[in-house]
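Heads up: the structure comes next, in structure tokens.
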Amino acid sequence: MGMFGNAAGSANRLLQRGLWALMLLLSVAIYGSHAPLLTLCKVDGAIPFSSTSVVVLVELTKLALSLLFLLAGTREPLGAALSWRHAAPFALSALLYAANNNLVVHMQLFMDPSTFQVLSNLKIVSTALLYSLLLRRRLGARRWLALLLLLAAGVTYSCGGLWGHGDPRGMHLHVTPVGLLLLSVYCFISGLSAVYTEAILKSQALPLSLQNIFLYFFGVLLNLMGSVWSGMEGGFLEGFSPWVLLVVLSQALNGLIMSVVMKHSSNITRLFVISCSILVNALLSVALFNLQLTLLFFMAVACIGLAVYLYYGVT
């Protein structure tokens, strides 16, 4: 009997690891395909839809899916769990995420998109620092080196990992002092929102689906308020296409996956997932837009591979 129990336990653990790996690979694919999908959404070189509408729909989709998962998986009444004491902390998470989304838009006024793409990689460092300080997770020298390699990979790839015909060789960064200040705030809020959310998810003995309902309820509310405040031009769904709907669904699914990662793993795992998505982004860009891989791409891949080995492979 014990032998069969051990075999069943081993099979169950193997299945869980397989599902975990599949989930991470799916997240890598979604992160990597986001920019190419946005390019496919363009009409005459411009984004035809409101980014605010997309954010609201993503939050609504995540809220609806979380409710379905909760109803499908709950076998006990949750009346005692439905307390504002549990829900209130997620309001700050939603506020931080909403603030960062809006900050990204305003930052474009003080730097060009290429500069933002390069410098935004600094959020890897801010997230790791806040993870270590706020959650009191000690990262040794080897792991810090791995995270710095992730930073190097992101910067290297952003500086010219892909090249298209007619693109100028070399890269010139343009950013104002105000842009640098906003970038610092962006990196800090990005790290703080992720680490704070991880802390809440792990501190509460509640089903993840219920926690997600709290988070996305506030997300929908804040983003709807923001869209009304800013005065959206045109219709809510103006410019939508099947590609845009695919963006909404993929981003909603990835948000749910990241909540699982933060609940059962850590934000460091999330950073590795985002960095590994460079591979998917590059391959899709080559296949769809006839871009060419450069030496910087292969340098970035080498940095990521070494980072994974240093963080997870060395004992």
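The figures that follow rest on heavy atoms only: side chains count, while hydrogens, waters and symmetry mates do not.
- The main-chain N or O of Phe116 is found under 3.5 Å from a side-chain atom of Ser120 such that the two form a donor-acceptor pair.
- Thr61 has its side chain within reach of Leu65: a pair of non-hydrogen atoms, C-beta onward, lies under 4.5 Å apart.
- Contact of the Asn281 side chain with the Pro36 side chain is registered, since non-hydrogen atoms from C-beta on lie closer than 4.5 Å.
- Not one N or O on the side chain of Ser190 forms a donor-acceptor pair closer than 3.5 Å with the backbone of Tyr186.
- A side chain to side chain donor-acceptor pair (under 3.5 Å) with Gln204 holds for exactly one of Arg85, Gln211, His86; it is Gln211.
- Annotation: side chain of Ile278 is in contact with side chain of Phe297 (closest heavy-atom distance under 4.5 Å).
- With sequence neighbours excluded, no residue satisfies side-chain hydrogen bond (donor to acceptor under 3.5 Å, both in side chains) with Ser184.
- Contact of the Pro48 side chain with the Phe240 side chain is not registered, since no non-hydrogen atoms from C-beta on lie closer than 4.5 Å.
- For the side-chain contact (heavy atoms from CB on, under 4.5 Å) test with Ile30, the passing option among Leu253, Val280, Val273 is Leu253; the others fail.
- Here the SG atom belonging to Cys276 is positioned 12.0 Å from the OH atom belonging to Tyr31, to the nearest 0.5 angstrom.
- For the residue pair Asn267/Thr127, the side-chain donor-acceptor check at 3.5 Å is not satisfied.
- One side chain, Thr197 or Ser93, offers a donor N or O that lies under 3.5 Å from an acceptor on the other.
- Leu151 approaches Asn121 most closely through the heavy-atom pair CD1-O, 3.2 Å.
- Contacts of Phe272 classified as ring pair (Phe, Tyr, Trp, His ring centres under 6.0 Å), with partners at least two apart in sequence or in another chain: Tyr311, Tyr312.
- Using cut-offs of 30° and 60° on the angle between ring planes, the pair Phe90 and Phe214 is tilted.
- Under 3.5 Å, the side chains of Glu59 and Asn223 contain no donor-acceptor pair of N or O atoms.
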Show the atom names and distances, to 0.1 Å, of all donor-acceptor pairs under 3.5 Å that link a side chain in residues 131-138 to residues at least two apart or in another chain.
| unit_1 | atom_1 | unit_2 | atom_2 | d |
| --- | --- | --- | --- | --- |
| Tyr131 | OH | Arg137 | NH1 | 3.4 |
| Ser132 | OG | Arg137 | O | 3.1 |

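- Side chains of Leu147 and Ile268 form a contact here, defined as non-hydrogen atoms less than 4.5 Å apart.
- Judged purely by atom type and a 3.5 angstrom limit, Ser277 uses its side chain to pair as donor or acceptor with the backbone of Ile274.
- For the pair Trp163 and Leu293, the minimum side-chain heavy-atom distance is 4.5 Å or more.
- The closest side-chain heavy-atom distance from Tyr157 to Leu162 is below 4.5 Å.
- In this structure the side chain of Thr269 reaches within 4.5 angstrom of the side chain of Ser266, judged on heavy atoms.
- Note on Val286 and Leu288: same hydrophobic cluster, where clusters join Ile, Leu, Val, Met, Phe, Trp and Tyr whose side-chain heavy atoms are under 4.5 Å apart, directly or indirectly.
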